[in-house]
Novice: 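What follows is a single structure, and I will ask about it in a moment.
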Amino acid sequence: MTIGIRPMGQGDWERVEEIFAAGIAGGEATFETATPTWEEFDASKIPDPRLVAVDEGRVVGWAAASRISARDAYRGVIEHSVYIDPAWQGRGVGRVLLEAFVDAAERAGFWTIQSSVFPENTASLRLHELAGFRVVGTRERISRSLVGPHAGAWRDAVLIERRSVRNG
């Protein structure tokens with residue numbers, strides 16, 4: 001397996017959306033209930049870094065981020081998402097993609113990358129730990145899942161972050 005990493009473009013949206021939808025359906029990736037349109041996604045994410053993992057021309061994973069605040073004091077803080085096609089999970093794609101994302105975020109000048117992960121998503125928590133993220137705390141019963149296997153249940157979210165070794 002040779003995984004390539006490249007910037008995400010609008011032409012990748014069909015596969016990115018499929019992978020996002022699988023994450024929603026699986027119930028361990030997000031509180032989202034439906035995928036956005038490309039235009040909504042594009043408007044909500046910073047342009048750099050926004051990456052896809054590709055195997056033989058097929059997108060098998062993606063990573064993107066949003067600013068956590070419009071205030072200038074937080075210009076270096078982003079919240080990221082990493083999604084891997086379920087058929088490709090457990091093959092090292094997430095690690096390659098996350099490492100590339102962290103490197104690109106540091107080159108872009110960001111000093112903190114954060115995310116919220118369900119405590120049951122132990123694979124994601126371990127992946128992030130290997131990439132230098134630390135647990136900041138747990139937000140208890142932060143929201144109720146509306147779709148998937150946990151529909152109706154209040155869920156905790158583990159807040160993780162990674163401080164840059166280059167910036168800040």
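The structure displayed is predicted, hence computed values, not measured ones.
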Novice: Considering only heavy atoms from C-beta outward, does the side chain of M8 approach that of L51 to under 4.5 Å?
Specialist: no
Novice: Find the distance between CZ (R162) and CZ (F110) and round it off to the nearest 0.5 Å.
Specialist: 14.0 Å
Novice: Under 4.5 Å between any side-chain heavy atoms of E106 and V165, yes or no?
Specialist: yes
Novice: How long is the span from the NE2 atom in H150 to the CZ atom in F31, to the nearest 0.5 Å?
Specialist: 10.0 Å
Novice: Tell me the closest heavy-atom pair linking G23 and Y83, and the distance in Å.
Specialist: CA-CE2, 4.0 Å
Novice: Quick check against the 3.5 Å criterion: does R67 have a side-chain atom that pairs as donor or acceptor with the backbone of R75?
Specialist: yes
Novice: Would you say E39 has more than 12 foreign heavy atoms packed within less than 6.0 Å of its CD?
Specialist: yes
Novice: Decide side-chain contact (heavy atoms from CB on, under 4.5 Å) for V59 and R6; before the verdict, give the C-alpha distance in whole Å, the side-chain angles of both, and the deciding distance to 0.1 Å.
Specialist: CA-CA 10 Å; V59 173; R6 64 170 171 75; 4.1 Å; yes
Novice: Do I84 and W13 sit in one hydrophobic cluster, given that two such residues count as connected whenever their side-chain heavy atoms are within less than 4.5 Å of each other, even indirectly?
Specialist: no
Novice: Supply the atom-to-atom distance I68 CD1 to I78 CD1, rounded to the nearest 0.5 angstrom.
Specialist: 10.5 Å
Novice: Take D103 and E99 through the side-chain contact (heavy atoms from CB on, under 4.5 Å) test and state the conclusion after the steps.
Specialist: CA-CA 6 Å; D103 183 60; E99 287 174 358; over 6 Å; no
Novice: Closest approach of L125 and I160, non-hydrogen atoms and distance?
Specialist: CD2-CG2, 4.1 Å
Novice: Could you state the interatomic distance from CG (D12) to CD (Q10), rounded to the nearest 0.5 Å?
Specialist: 10.0 Å
Novice: Checking the side chain of S66 only, and the main-chain atoms of S44 only, is there a donor and an acceptor separated by less than 3.5 Å?
Specialist: yes
Novice: Identify the two heavy atoms, one from E32 and one from T30, that lie closest to each other, and give their separation to 0.1 Å.
Specialist: N-OG1, 3.0 Å
Novice: Is there a path of hydrophobic side-chain contacts, each under 4.5 Å between heavy atoms, that joins F20 and V54?
Specialist: yes
Novice: Check whether more than 12 heavy atoms from other residues, nucleotides or ligands sit under 6.0 Å from atom CD of E18, and answer yes or no.
Specialist: yes
Novice: May I ask you to test the P149-E28 pair for a side-chain heavy-atom distance under 4.5 Å?
Specialist: no
Novice: I need the minimum non-hydrogen distance between R155 and F118, along with the two atoms involved.
Specialist: NH2-CG, 3.3 Å
Novice: F133 and H80: aromatic ring centres closer than 6.0 Å?
Specialist: yes
Novice: Any luck finding a side-chain donor-acceptor pair between E17 and T35 under 3.5 Å?
Specialist: yes
Novice: Does the side chain of D85 come within less than 4.5 Å of R15's, by heavy atoms?
Specialist: yes
Novice: Taking C-beta and beyond as the side chain, do I19 and W62 meet within less than 4.5 Å on heavy atoms?
Specialist: yes
Novice: So, do I3 and R91 sit near enough that their side-chain heavy atoms are less than 4.5 Å apart?
Specialist: no
Novice: Given the rule that I, L, V, M, F, W and Y join up when any side-chain heavy atoms are under 4.5 Å apart, are V96 and V52 in one cluster?
Specialist: no
Novice: Does R58 reach the side chain of D55, with side-chain heavy atoms less than 4.5 Å apart?
Specialist: no
Novice: Return the minimal non-hydrogen interatomic distance between V82 and A63, and the atom names on each side.
Specialist: CG2-CB, 4.1 Å
Novice: Mind checking the CZ-CG spacing from R134 to L159? Nearest 0.5 Å is all I need.
Specialist: 9.0 Å
Novice: Find out whether I46 and R50 are in side-chain contact, i.e. whether some heavy atom of one side chain is under 4.5 Å from a heavy atom of the other.
Specialist: no
Novice: How close do P36 and F41 get, heavy atom to heavy atom, and via which atoms?
Specialist: CG-CB, 3.9 Å
